[in-house]
Undergrad: 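Please find one structure pasted underneath; my questions will follow.
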Amino acid sequence: MTSISKSANLEKTEQVHRVLLGKKQILVTEEEPLLIQLERAGIHVEYQCREGYCSSCSIKLLWGSVMYPFEPLAWVQSGYLLACCAIVKSDIEIAFFD
C-alpha cells in the first residue's frame, strides 16, 4: 500500500490582486506576468520581445508593487514597469503613456 503525504496534497494558495487602469479593474494572480493577464482581459499592450529586453511594454505604475522573477535587461525607468515580465505583488494602478 502506498501512502501519500498530506503536504504533497496541499493546494497552492493563489494570491489575487486588483489592477486599476482608468475606470477598468481586472483581477490578476502572481502566477504569470502582467502582460499575459492584461491580454486575456482584452487590454492591448504594445510589446516586442516578451522577455524584458526591449522595454516596448513599459507601463506607468501609479502605485502598488511588482517584482521581476529575473532582472530585465531593459532599463526600467522609475515609476514604470515592464508588463512582459512583471509579477504583480499587491493591488496596483497603472496608466499607459499619454
Undergrad: Compare every heavy atom of Gly52 with every heavy atom of Cys85, then report the nearest pair and how far apart it is.
TA: SG-CA, 3.9 Å
Undergrad: Any side-chain to backbone donor/acceptor pair from Ser90 onto Gly64? Under 3.5 Å, distance only.
TA: no
Undergrad: What do you reckon, is CD of Gln25 surrounded by more than 12 foreign heavy atoms closer than 6.0 Å?
TA: yes
Undergrad: List the atom of Phe96, the atom of His44, and the distance in Å for their closest heavy-atom pair.
TA: CZ-O, 3.9 Å
Undergrad: Quick one: are Trp75 and Leu82 in side-chain contact, heavy atoms under 4.5 Å?
TA: no
Undergrad: Within the side chain of Glu14, is there an N or O that forms a donor-acceptor pair under 3.5 Å with the backbone of Glu31?
TA: no
Undergrad: Any heavy-atom pair between the side chains of Gln37 and Glu32 that's under 4.5 Å?
TA: yes
Undergrad: Does anything in residues 71-95 pair up under salt bridge (Lys or Arg N to Asp or Glu O under 4.0 Å), and if so which pairs, sequence neighbours excluded?
TA: Arg18-Asp91, Glu30-Lys89
Undergrad: Return the minimal non-hydrogen interatomic distance between Leu81 and Tyr68, and the atom names on each side.
TA: CA-OH, 3.3 Å
Undergrad: Can you find a pair of side-chain heavy atoms, one from Leu62 and one from Lys60, that are under 4.5 Å apart?
TA: yes
Undergrad: Minimum heavy-atom separation for Ala83 and Pro33, please, with both atom names.
TA: O-CB, 3.9 Å
Undergrad: If I compare all heavy atoms of Ile59 with all of Ala95, which pair ends up nearest, and what's the gap?
TA: CG2-O, 3.3 Å
Undergrad: Could you check whether any side-chain heavy atom of Ile87 comes within less than 4.5 Å of a side-chain heavy atom of Pro69, counting everything from C-beta outward?
TA: yes
Undergrad: Any non-hydrogen side-chain atom of Tyr80 less than 4.5 Å from a side-chain atom of Ile94?
TA: no
